[in-house]
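Comments concern the structure below.
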Amino acid sequence: KRAGGRTYRIFAPQMESDIHAQRTLRNEVQLAVDRHEFVLHYQPIYELASKKVVAVEALLRWNHPTRGLLPPGAFIPVSEETMAIVEIGEQILEAACQIALKLPDDIAVAVNLSPVQFNQPELLIGAVRSALQRTGLAARRLHLEITETLLLANTPSTHKTLDILAGMGTKLVLDDFGTGYSSLSYIQDFPFSTIKIDKKFTDSLYVNTASSAIIKAITQIAKDLSLEIVVEGIETAEQESFVRMLGPTQGQGYLFSRPLPEAELLLKLSKPASD
Ligand code: C2E
Ligand code: CA
Ligand code: CA
Ligand code: CA
C-alpha cells in the first residue's frame with residue numbers, strides 16, 4: 001500500500017509465515033532464558049599422544065518444550081539479534097565454572113563467547129569475574145573461545161577487553177582459525193594462549209595439500225610463540241595420525257567423543273582412558 005498509486009506487490013504466504021516464525025522464535029528465546037531451558041553439553045579435548053583429557057568445551061543446546069534438543073545454529077543468530085545472548089552468555093559462564101569444579105583440577109572448561117557480548121564489555125567482564133568469584137574456580141581453568149569475526153574490527157575496546165580477560169588469568173583461545181582473514185596478525189596483536197584450527201582443514205587433509213601445509217606451518221609458528229594448538233573435527237583414525245604427523249598435539253572430534261550431557265561426561269571421565 002505504501003508504494004502508492006496503482007502498484008501491486010505480491011506478498012507470498014510463505015514469506016508471511018517465515019516472518020511469523022521468526023517473531024515466534026524471538027519471543028520463545030526470551031521465555032527460554034527465563035525458564036532456564038538452555039543446557040550445556042561438553043566435548044572433551046585430548047592430548048593426542050596420551051589420550052588424556054585436557055579440557056572440555058561447553059556447547060549450548062536448547063531443551064525446547066515441543067521441538068526437542070536444538071543445536072546452537074537454530075537459535076544463536078536470533079539470540080544475537082535480540083541481545084538475549086548476553087543473558088544466556090552469563091548463565092553459560094557460571095554453569096561452565098560449576099561443572100569444572102566437578103572435574104579433576106588439571107582439566108579446564110572452554111566457553112564460546114559471541115562477538116555480540118563484546119558490545120557490552122562491562123557486562124562481559126563482570127560476568128566472567130562473578131562466575132569465577134561465585135564458584136571459586138581458578139581462572140586458568142576457564143578458557144574463552146573467540147572467533148576471528150570479533151577481531152576483524154580490531155577496535156581499541158575489543159583489545160582492552162581481551163587484555164582485561166587475559167589479565168584476570170583466563171586463557172584466550174582463537175577459535176575457528178583459518179576461516180577468516182589475516183589470522184596471523186591476530187596472534188601477534190592479542191593475548192591468545194591457544195589456536196584452534198578449524199574443522200575445514202581436518203576435512204580437506206586428503207584432498208587439499210594446502211591444508212596439511214598450513215597446519216604444519218601454523219604449528220611451527222605456534223611453537224615459536226609458545227602457543228598451544230588444538231585441531232577440531234577429527235573424525236577418523238587416519239585424520240588423527242595425519243594431524244599428529246604434522247605436529248599438533250591436541251585434538252577434538254567425534255573420533256574421541258561427541259559432545260555429552262553432564263552426567264555422561266562425568267561417567268566417561270571417571271573411567272580409564274582406554275574406554
Ligand atoms: P564451534 O565452536 O566450532 O564448535 C564445534 C562444533 O563442531 C560443535 O557443534 C561440535 O558439536 C561440532 N563437532 C565437534 N567435533 C566434530 C566432529 O568430529 N565432526 C563434526 N561433524 N562436528 C563436530 P555445535 O555444538 O552444533 O556448535 C556449533 C557452533 O555454535 C559452535 O562452533 C559455536 O560457534 C557455536 N556455539 C556453541 N555453543 C555456544 C555457546 O555457548 N555460546 C556461543 N556464543 N556460541 C556457541
Ligand atoms: Ca568453539
Ligand atoms: Ca571451533
Ligand atoms: Ca568450527
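Atoms within each ligand, like the ligands themselves, are counted from 1 in listed order.
Few gaps surround CZ on R26; more than 12 heavy atoms of other groups in view lie less than 6.0 Å from it.
Ligand 1 has E57 within reach: a non-hydrogen atom of the residue lies less than 4.0 Å from it. Ligand 1 is approached by E232 to a heavy-atom distance shorter than 4.0 Å. The shell of residues lying under 4.0 angstrom from ligand 1, judged by heavy atoms, includes K199. Heavy-atom separations between P259 and ligand 1 include at least one value shorter than 4.0 Å.
Close approach to G253 involves these atoms of ligand 1, each under 4.0 Å from a residue heavy atom: 15 (N), 18 (O). Atom numbering of ligand 1 starts at 1 in the shown order; those under 4.0 Å from a heavy atom of Q43 are 14 (C), 15 (N). Short contacts between ligand 1 and D175, defined as distances under 4.0 Å to a heavy atom of the residue, involve ligand atoms 2 (O). Annotation for ligand 1: atoms under 4.0 Å from non-hydrogen atoms of S114 are 44 (N).
Between W62 and F38, the ring planes are tilted. Angles from 30° to 60° get that label.
Of all the N, O or S atoms in D175, the one closest to the Ca ion (ligand 3) is OD1.
Using modelled atom types, one finds a donor on one side chain and an acceptor on the other under 3.5 Å when comparing E57 with N112. E80 and S114 are linked by a side-chain donor-acceptor pair at a separation below 3.5 angstrom, with hydrogens and angles left out of the test. For S50 and E47, the side-chain atoms include at least one donor-acceptor pair closer than 3.5 Å. Of the N and O atoms on the side chains of T149 and T147, at least one donor lies less than 3.5 Å from an acceptor on the other residue. A side-chain N or O of T158 and one of T155 form a donor-acceptor pair less than 3.5 Å apart. No side-chain N or O of D18 forms a donor-acceptor pair with one of Q22 less than 3.5 Å apart. Side-chain contact, H64 with E28: a donor N or O sits under 3.5 Å from an acceptor N or O.
Of the heavy atoms in T147, none comes closer than 4.0 Å to ligand 1. With a 4.0 Å heavy-atom cut-off, ligand 1 is reached by no atom of Q252. At a 4.0 Å heavy-atom cut-off, ligand 1 does not touch V111 at all. Residue contacts with ligand 1, taken as heavy atom pairs separated by less than 4.0 Å, involve L60 via backbone and side-chain atoms alike.
A centroid separation of 6.0 Å or more is found between the aromatic rings of F201 and F177.
Geometry about the Ca ion (ligand 3) gives an angle of 120° between OD1 of D176 and OE1 of E232, rounded in steps of 10 degrees. To the nearest 10 degrees, the angle centred on the Ca ion (ligand 2) between OE2 in E57 and OE1 in E145 reads 90°.
Comparing D203, I76, L59, V116 against atom 46 (C) of ligand 1, the shortest heavy-atom distance belongs to I76. For atom 39 (C) of ligand 1, the candidate residues are V173, L70, N112; the nearest heavy-atom contact is made by N112.
Ligand 1 has no nitrogen or oxygen under 3.5 angstrom from a nitrogen or oxygen of L255. In terms of polar-atom proximity, defined here as any N/O pair under 3.5 Å, R61 does make such a contact with ligand 1. Considering both main-chain and side-chain atoms, Y254 comes within under 3.5 Å of ligand 1 through a nitrogen or oxygen pair.
Between S212 and M245 there is no side-chain heavy-atom pair separated by less than 4.5 Å.
The Ca ion (ligand 2) has an N, O or S atom of N112 inside 3.0 Å of it.
When hydrophobic clusters are built by joining Ile, Leu, Val, Met, Phe, Trp and Tyr residues whose side-chain heavy atoms come closer than 4.5 Å, directly or via intermediates, L144 is grouped together with L124. Following chains of ILVMFWY side-chain contacts shorter than 4.5 Å, one cannot reach L103 starting from L59, and the two form parts of different hydrophobic clusters.
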